[in-house]
Amino acid sequence: MKIVVPYELAFTNIVSSFIEETAVCYGADEQEQKRMRLLGEEAFLFIIGGIPDVEFHEMFHLNTFEEEDGLGFQFSNHGQPMNVREVPEFSIEDPEGTADGLSLNLLKNLCDELLFRSLGREGWELMIRVKFKNYRKILPVERQLVAGSMVAGVTGIICRRTTPEDIPGIINLVYNTYRYSYVKPMMYDKDLFTEAIGEGNLLSIVAVTSEGKVVGHNAIMIDSARLGEAGMAMIDPDYRGGQLFRMLIKVTRDEIVPMHPGMLYYARAVTTHKASQAFAARFTPTLLSLSLLPNLAFIGINSGGTDRESTIHLITKQAEVDHAGKLFIPSEHFELISGMFSDEGISVDLMTNSGSIAQIETKSTVVRIDEEQHAEIVLDCPGNDLEKHIRQLTRMLQQEGIITVDIFIRTRENLPENLDAVLIEKGYFFCGIKPMPDGSWQVVYTNLLNQKFDFENLQLFSAKSNALRDYVKLQYQKTA
């Protein structure tokens with residue numbers, strides 16, 4: 001359901017009445033109806049407050065959509081960008097100058113969720129969600145899920161290479177799937193997305209209906225000529241459960257893989273639900289990245305109530321890849337790592353660490369992701385002060401609010417054979433091995449810094465992934 005009116009104060013009553021009457025249809029009681037009318041007034045007035053006082057031809061769009069437990073409202077906003085427009089807090093000493101702040105506070109109190117979403121050159125959207133005590137859906141199933149019959153046979157939907165015209169639809173798909181929690185900011189930015197496709201850094205496939213609606217996406221992000229990330233796969237919640245996902249994967253394989261026949265592909269899938277790993281069912285798992293970032297809000301799938309998200313890294317090749325070279329790895333994990341390369345059919349010369357330290361000071365590089373409370377330490381060159389260096393870095397990061405630290409160890413050098421024991425003593429445990437864009441590999445250790453972590457909460461798709469989880473759990477228990 002939708003209305004389109006000019007950005008004019010005279011239409012405030014139409015907007016508020018539309019929201020109120022829609023709420024009535026979905027079971028709102030008398031108090032909830034009043035709340036919805038006030039919500040409509042405040043939302044429209046807040047948006048009007050950012051419309052420039054010049055000749056303006058854009059139209060205001062208000063969409064309503066059903067959700068499982070309430071209604072969602074999409075308010076278009078072609079006014080001043082929200083990341084530029086300042087909204088001061090309401091002050092009784094300056095009621096006129098801070099009226100927008102009062103309006104925004106009222107809006108937050110009148111709804112269950114309020115979000116601003118950038119549409120790039122298309123302006124902004126104000127997303128509002130409300131729940132009613134006696135909420136009831138009213139649209140018939142066949143009208144809500146038009147894709148239901150189409151998905152079974154994938155009728156009326158085609159999968160093809162992405163064009164610039166598809167990008168707004170992909171951004172909407174990302175929002176419908178993840179809201180604002182998706183880890184790649186590019187997927188919310190039309191200009192960055194367009195640039196990545198134009199420069200060939202992103203090879204993207206979309207699934208579109210006969211009406212042009214984007215309902216699925218998959219892509220390969222090119223890290224280098226030797227390595228690409230397979231992923232960014234998502235299906236609109238209303239179109240899940242059929243053959244659409246398999247069709248996307250097939251078209252990706254047919255359209256993109258032949259362009260890079262010798263490339264090694266990797267995928268990073270979240271572990272709060274198994275469905276996200278289905279596309280990589282035949283990949284070989286090589287790494288668990290634990291407690292990596294705040295939990296993602298994947299729409300329509302239960303996350304299991306975890307506060308932090310973990311990911312599993314998997315690799316595959318579609319043709320022969322270059323010999324991986326000579327890699328020096330900890331002897332404690334030789335059998336596991338050897339099996340990973342063997343399972344994927346990658347030629348490699350594996351050697352166990354047996355070297356000695358030639359320099360005094362350890363050199364390392366620290367990368368912090370403060371908003372995720374996560375940090376990475378790349379061990380560039382171990383020295384005689386390795387234990388002290390790791391201890392000091394770990395304490396510093398913990399004091400600065402970091403709660404998960406990963407150490408990446410290069411495998412081109414023959415390091416000391418007691419490296420694994422040193423890291424365990426400092427609270428770091430082996431989690432796997434990962435490929436790098438230059439063709440090298442790095443061994444990864446993690447320190448959860450006294451977090452309470454339950455490995456049983458990890459939801460993994462394949463038997464090999466579960467076997468890796470059990471192995472990493474044993475390593476984790478050694479640090480206790």
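In this chain, numbering begins with 1 at the start of the sequence shown.
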Electrostatic pair [X]:[Y] at N-O distance under 4.0 angstrom:
X: Arg129; Y: Glu67; result: yes
X: Glu195; Y: Lys190; result: no
X: Glu413; Y: Arg410; result: no
X: Asp343; Y: Lys464; result: yes
X: Glu456; Y: Lys473; result: yes
X: Glu68; Y: Lys137; result: yes

With respect to Tyr428, which candidate in Thr446, Ile390, Thr479 satisfies the side chain to side chain contact (heavy atoms under 4.5 Å, CB included) definition?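 When Thr446, Ile390, Thr479 are each tested with Tyr428, the side chain to side chain contact (heavy atoms under 4.5 Å, CB included) holds only for Ile390.
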
We want to know whether [X] and [Y] form a side-chain donor-acceptor pair, criterion being a heavy-atom distance below 3.5 angstrom.
X: Thr404; Y: Gln451; answer: yes
X: Asn218; Y: Thr252; answer: yes
X: Tyr26; Y: Glu66; answer: yes
X: Ser364; Y: Asp380; answer: no
X: Asp191; Y: Thr194; answer: no
X: Asp166; Y: His217; answer: no
X: Ser331; Y: Thr352; answer: no
X: Thr272; Y: Glu309; answer: yes

Using the benzene-type ring in the case of Trp, are the ring centres of [X] and [Y] under 6.0 Å apart?
X: Tyr471; Y: His333; result: yes
X: Tyr476; Y: Phe455; result: yes
X: Trp441; Y: Phe328; result: no

About how many Å separate CG of Asp223 and CE of Met263, when rounded to the nearest 0.5 Å?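 Nearest 0.5 Å value for the CE-CG distance: 8.0 Å.
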
So, the side chain of Tyr7 versus the backbone of His78: is there a donor-acceptor pair under 3.5 Å, distance only?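 Side chain of Tyr7 to backbone of His78: a pair is present.
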
